[in-house]
Amino acid sequence: MPFPPHFAERLTSRHVKRLSRRAKYILADLDSGETLVMHLGMSGRFSVHAMGRELRLGNYVYEPAKAGRDKHDHVIIRTDAPAEIVFNDHRRFGLMLLVDTALLETHPLFEALGPEPLSTGFTAKSLEDSLRGRRTPVKSALLDQHTVAGLGNIYVCEALFYAGISPKRVASSVRAERARALVRAIRSVLRAAIKAGGSSLRDYAQANGALGEFQHRFAVYDREGKPCPRSNCKGKIKRIVQGGRSTFFCPGCQS
DNA sequence: AGGTCAACCTGAGCGC
DNA sequence: TGCGCTCAGGTTGACC
């Protein structure tokens with residue numbers, strides 16, 4: 001991961017005015033007029049460690065870091081909490097950028113992003129509009145951040161299952177009732193996953209080290225050969241590859 | 001123009 | 001024990 005020029009200097013003594021998120025990017029609005037843009041990629045994680053004894057912030061307790069550094073600790077930010085925020089990313093697909101806050105909306109990473117799935121801007125109509133004329137499979141279209149922002153491979157597979165839509169279906173054929181079902185399914189899968197603290201497969205953990213729980217509730221993801229969770233369906237979960245990514249679905253009840 | 005695929009990295013897990 | 005292969009929560013850019 002290449003870092004911005006003079007990265008440390010541009011962060012030193014800066015205050016974070018606001019922490020937010022757009023699509024899969026974490027945004028720290030700094031008092032310097034720049035925004036620190038962060039992406040975890042596949043394997044990135046942030047962890048917060050107390051500098052002295054344990055640190056309590058709200059409902060969270062942060063333990064001091066263990067002695068020694070992991071070789072994939074790429075960025076260590078010392079705050080006056082006092083705490084260390086460590087960015088660890090063994091595959092180095094993650095990203096950190098500093099962008100002029102006034103130009104953030106028009107930055108190439110953000111200007112063409114689709115709507116936030118939990119916002120009022122994401123509707124059956126907007127989804128139908130953005131899928132119109134697209135000949136790619138609906139699975140690939142949903143992974144495309146320009147269709148809807150923030151969905152990854154797990155949640156696309158899960159949402160298509162709950163909507164009863166085959167991942168192989170041509171995107172443009174998702175209209176009317178199917179588009180409504182898909183919007184509902186995307187929203188409910190994301191809400192459930194957030195409530196469960198996310199999905200911990202290999203790398204993902206929350207900043208205090210806690211693991212997510214949603215991986216125990218996957219209906220189809222990573223369940224190849226297992227029975228379909230729908231009680232009235234006798235199908236078995238199948239794995240196929242689309243656009244180079246694994247897709248899991250039930251051929252019996254997704255069409 | 002739009003779709004597909006390799007590339008970017010490291011590590012874990014598997015079969016032999 | 002070790003080698004070689006496949007796979008992994010993502011995104012971009014080159015190529016048809």
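Quick caveat: nothing in here was measured; it's all calculated off a predicted structure. Order of the sequence lines fixes the chain letters, A, B, ..., with proteins taken first and strands second; residue numbering starts at 1 for each chain.
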Item to check | A/Lys24, nearest nucleotide to its side chain (from C/dA8, C/dG10, C/dT12) | outcome: C/dG10

Checklist entry - Would a 4.5 Å heavy-atom cut-off, applied to side chains only, mark A/Val16 and A/Thr79 as touching? => result no

Checklist entry - In terms of side-chain geometry, is the basic nitrogen of A/Arg184 or A/Glu177 positioned less than 4.0 Å from the acidic oxygen of its partner? => result yes

Item to check | Results of side-chain hydrogen bond (donor to acceptor under 3.5 Å, both in side chains) for A/Asp129 - residues two or more places apart only | outcome: A/Lys125, A/Arg132

Checklist entry - Using a cut-off of 4.0 Å on non-hydrogen atoms, how would the nucleic acid contact of A/Arg92 be classed: base, sugar-phosphate, or nothing? => result sugar-phosphate

Next on the checklist: Nearest whole Å is fine: how far is C/dG9 C1' from A/Asp222 CG?
Outcome noted: 11 Å

Checklist outcome for this item: Whole-Å distance, A/His72 NE2 to C/dA8 P, equals 20 Å

Checklist entry - So what does A/Ile154 hit on the nucleic acid, given a heavy-atom distance under 4.0 Å: a base, only sugar-phosphate, or nothing? => result sugar-phosphate

Checklist entry - Is there side-chain contact between A/Arg245 and A/Val156, with at least one heavy-atom pair below 4.5 Å? => result no

Checklist entry - Once you round it to whole Å, what is the distance between P of C/dG10 and CG of A/Asp89? => result 13 Å

Next on the checklist: Distance check, P atoms only: C/dG9 and B/dG3, in whole angstrom units.
Outcome noted: 22 Å

Item to check | Atom pair distance, as rounded to whole Å: CG in A/Leu143 and P in C/dG10 | outcome: 7 Å

Checklist entry - Which part of the nucleic acid, if any, lies within contact of A/Thr136, taking any heavy atom under 4.0 Å across all strands shown: a base, the sugar-phosphate backbone alone, or nothing? => result sugar-phosphate

Item to check | Torsion-based syn/anti label for C/dG9, 90° from 0 as limit | outcome: syn

Checklist entry - Quantified in whole Å, what is the P atom distance between nucleotide C/dT11 and nucleotide B/dA1? => result 24 Å

Next on the checklist: Quick check: do A/Gln254 and A/Pro167 have side-chain heavy atoms less than 4.5 Å from each other?
Outcome noted: yes

Checklist entry - Between A/Leu40 (CG) and C/dG10 (P), how many Å, whole number? => result 11 Å

Item to check | Contact boundaries on DNA chain B for chain A, cut-off under 4.0 Å to non-hydrogen atoms | outcome: B/dG3 to B/dG11

Checklist entry - Are the ring of A/Phe93 and the six-membered base ring of C/dG10 within the stacking cut-offs of under 5.5 Å and under 30°? => result yes

Checklist entry - Residues in side-chain hydrogen bond (donor to acceptor under 3.5 Å, both in side chains) with A/Ser199, at least two apart? => result A/Tyr155

Next on the checklist: When you compare the side chain of A/Leu151 with that of A/Leu143, does any pair of heavy atoms fall below 4.5 Å?
Outcome noted: no

Next on the checklist: Taking the P atom in each of C/dC3 and B/dC9, what is the distance between them to the nearest angstrom?
Outcome noted: 23 Å

Checklist entry - Can you check whether A/Ile237 reaches A/Cys250 side chain to side chain, under 4.5 Å on heavy atoms? => result yes

Checklist entry - Looking only at side-chain N and O atoms, does A/Gln145 come under 4.0 Å of OP1 or OP2 in C/dT11? => result yes

Checklist entry - Given atom CG of A/Leu97 and atom C1' of C/dT11, what is their separation to the nearest angstrom? => result 13 Å

Item to check | A/Tyr221: ring pair (Phe, Tyr, Trp, His ring centres under 6.0 Å) partners, not counting sequence neighbours | outcome: A/Phe218, A/Phe248

Checklist entry - Rounded to whole angstrom units, what separation is found between the CZ atom of A/Arg91 and the C1' atom of C/dA8? => result 5 Å

Checklist entry - Between the side chain of A/His39 and the main-chain N/O of A/Gly41, is any donor-acceptor distance below 3.5 Å? => result yes

Item to check | Contact residues, residues 239-250 of chain A to DNA chain C [heavy atom, < 4.0 Å] | outcome: A/Arg239, A/Arg245, A/Ser246

Item to check | Secondary structure string for DNA chain B (Watson-Crick or G-U under 3.5 angstrom, | for other-strand pairs) | outcome: .|||||||.|||||||

Checklist entry - Between A/Lys71 and A/Ser140, which is nearer to the 5' end of DNA chain B once each is assigned its nearest nucleotide? => result A/Ser140

Next on the checklist: What is the separation between atom CE on A/Met42 and atom P on C/dT12, rounded to the nearest whole Å?
Outcome noted: 14 Å

Checklist entry - When you look at CD of A/Glu105, are more than 12 heavy atoms from neighbouring residues, nucleotides or ligands closer to it than 6.0 Å? => result no

Next on the checklist: When you compare the side chain of A/His72 with that of A/Arg91, does any pair of heavy atoms fall below 4.5 Å?
Outcome noted: no

Checklist entry - Is A/Arg169 reaching over with its side chain to a backbone N or O of A/Ser255, donor-acceptor style, under 3.5 angstrom? => result yes

